[in-house]
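See structure below.
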Amino acid sequence: IAPKSRIAVYKVCSEDSCSVSDILAGIDAAVEDGVDVISISIGGDPVPYHEDAIAIGAFGAIENGVLFSASGGNNGPTDSTISNVAPWITTVGASTIDRRFPADLVLGDGSVITGSSLYKGDGLSKGKYLPLIYAGNASNSKIDNATCLPGTLNKDLVSGKIVLCDRGDGPRIEKAEVVREAGGVGLVLANVEPLGEGLVADAFLIPGLAITQSKRTTVLQYMKSTKNPKATFIFKGTQLGVKPAPVVASFSSRGPNSISPSVLKPDIIAPGVNILAAWPDGVPPTEVAADKRRTEFNIISGTSMSCPHVSGVAALLKGAHPDWSPAMIKSALMTTAYADDHDGKTLLDEKDNSVSSVFGFGAGHVDPNKAVDPGLVYDLTVDDYLNFLCASNFNTGQIEVISRRKVSCSGVQQVNMWDLNYPSISVSFDTSAPSKSEVVVNRTVTYVGDGDSNYTVNITNPKGVTVAVDQEKLVFKKKGQKQSYMVRILSEKVGLHHNYSGSESGCLVWTDGKHQVTSPIVVTWS
Ligand SMILES: *[C@@H]1O[C@H](CO)[C@@H](O)[C@H](O)[C@H]1NC(C)=O
Ligand SMILES: *[C@@H]1O[C@H](CO)[C@@H](O)[C@H](O)[C@H]1NC(C)=O
Ligand SMILES: *[C@@H]1O[C@H](CO)[C@@H](O)[C@H](O)[C@H]1NC(C)=O
Ligand SMILES: *[C@@H]1O[C@H](CO)[C@@H](O)[C@H](O)[C@H]1NC(C)=O
Ligand SMILES: *[C@@H]1O[C@H](CO)[C@@H](O)[C@H](O)[C@H]1NC(C)=O
Ligand SMILES: *[C@@H]1O[C@H](CO)[C@@H](O)[C@H](O)[C@H]1NC(C)=O
């Protein structure tokens, strides 16, 4: 993304783990070395910030003007899985791109199921059908008997056959090796609940492909319908111009933010499915010992791939605007992101091809060209984050662990959590609260354009609320000028059941005709 950037790499993981002390030491060393951006594709389950080495390290980075970009995790599509959620972190989810690697599974009854594969070796000879067997009917194991874990397949049953393995425990790609060792000649790797319709491409060692959860059902039905199920593969290489794209990746971890509900996460999404990525010389592309192939590049999927895209864009923005704080860079990334795909439709969700939501894509998909000229930004200082932590009921001792400084909450100006000057807005109402309840949210924008400019507001109300802004127009005379406004969010639940609990989203856009400064608004009744 930023080809002329210089990269410093800090080793904080060994083969088995990434210890928290190493992570924190690595982040601190990078900050001390004067880096501009930290990109970290590491994360665990979301935990309170004072127990989270990445959140603590990131606080120190932000304090020193270093933008901190982190992967949001691959635990989607389950709700509330998003990780690295501290408001001073830029949290990145994953989307597909318009390139894929299709491969067809042709069943004995002639039906064709399109899956995904990077298999590049000798295929089955053209038109040669082989017997197909379900691992769940060919296992020595009583538990987890369909997931092709090492040593579980019955050689007598799978020898010479294509084996359908369910995803689940164990790495995807290892299952091809398990099938090969048991004498199997092909792999169909099937998504199971909740993985849904998302596919990634793997460089299987034997002919193999991945299929979606709904296609798994189709294949199993076929297998049950015939005495001698059989199938063959057709590998199709690379396909470009795929539509729709981008789509929120099924595996991308989802909001809501389980630690700070008033901060919408993920912040942003970026390409994270089937990404061309550098690969170490000594490691086979499948990481399986029997794989003798070596490659300088591999195709990899995960928020570990999407995060560095955003880190790279942040580095470009830092180059274009050396005086911008990390919060200004993050704001520019978020307020210019897009929530529509290349066909102009709201981004879909790969889990079931339904319309996605802000809990999948946050502010939207990163747009580098727009981010360099955002018009207005929402800036934040260390004091703002400390006030936020005080308002969030972290105690002084915990805040001191996070910030590594002496802190007193009694002295600070009383604020609400949702008044953190964030580029998105997230508020909650009690489901049982009176039918008309109101939350007031304060925001301050900084003008980063040239000359003078007038911004007007355009609001799309989330269902069930009316959003009003106290300023119709913000007038700016010169770069750096700040203007504050107040957002009143009135919950009347019009169009919703009076007992409704759940979330609805809309947006607030400031525009001068040239720039669209967009903030998602999410309202939750719980
Ligand atoms: C395979 O596992 C499933 C679910 O754990 C179980 O219901 C089934 O009986 C097992 N089958 C065999 C043959 O052990
Ligand atoms: C698994 O084996 C059982 C018993 O032979 C059979 O009824 C069933 O159809 C098989 N399932 C599949 C998916 O082949
Ligand atoms: C929000 O803005 C209003 C109007 O400026 C002000 O009265 C109120 O004190 C602000 N709240 C906070 C927490 O800053
Ligand atoms: C902004 O609005 C003021 C009136 O409030 C007007 O005098 C000025 O020309 C406008 N500036 C631009 C750039 O439109
Ligand atoms: C406000 O936003 C809506 C929805 O995006 C759009 O249709 C409308 O044209 C916008 N209005 C103005 C004045 O920009
Ligand atoms: C709505 O809430 C009331 C009070 O809690 C409860 O008695 C009622 O059954 C709820 N109705 C529905 C449709 O959930």
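Just follow the structure's listing: the first ligand is 1, and inside any ligand the first atom is 1.
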Under-4.0 Å salt bridge between Arg488 and Asp470: no
Lys/Arg-Asp/Glu bridge criterion (N-O < 4.0 Å) met for Arg254, Asp349: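 So Arg254 pairs with Asp349 through a salt bridge.
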Side chain proximity check, Tyr378 to Thr335, heavy atoms < 4.5 angstrom: yes
Contact residues of ligand 4, where a non-hydrogen atom lies under 4.0 Å away: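 Lining ligand 4 at under 4.0 Å, by heavy atoms, one finds Asp452, Asn454, Lys473.
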side-chain contact (heavy atoms from CB on, under 4.5 Å) partners of His321, counting only residues at least two apart: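 Scan of His321 (side-chain contact (heavy atoms from CB on, under 4.5 Å), adjacent residues dropped) gives Asp323, Trp324, Val372.
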Pairing residues for Asp156 by the side-chain contact (heavy atoms from CB on, under 4.5 Å) criterion, not counting sequence neighbours: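 Partners of Asp156 under the side-chain contact (heavy atoms from CB on, under 4.5 Å) test: Asn154.
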Atom indices of ligand 2, in the order listed, that fall short of 4.0 Å to a heavy atom of Leu220: 13 (C)
Partners meeting side chain to side chain donor-acceptor pair (under 3.5 Å) with Lys478 (sequence neighbours left out): none
Aromatic ring pairing Tyr485/Trp510, orientation class (parallel under 30°, perpendicular over 60°, tilted between):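 If you compare the ring of Tyr485 with that of Trp510, the planes turn out perpendicular.
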N or O pair under 3.5 Å between Asn458 and ligand 5: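 Yes: some nitrogen or oxygen of Asn458 is under 3.5 Å from one in ligand 5.
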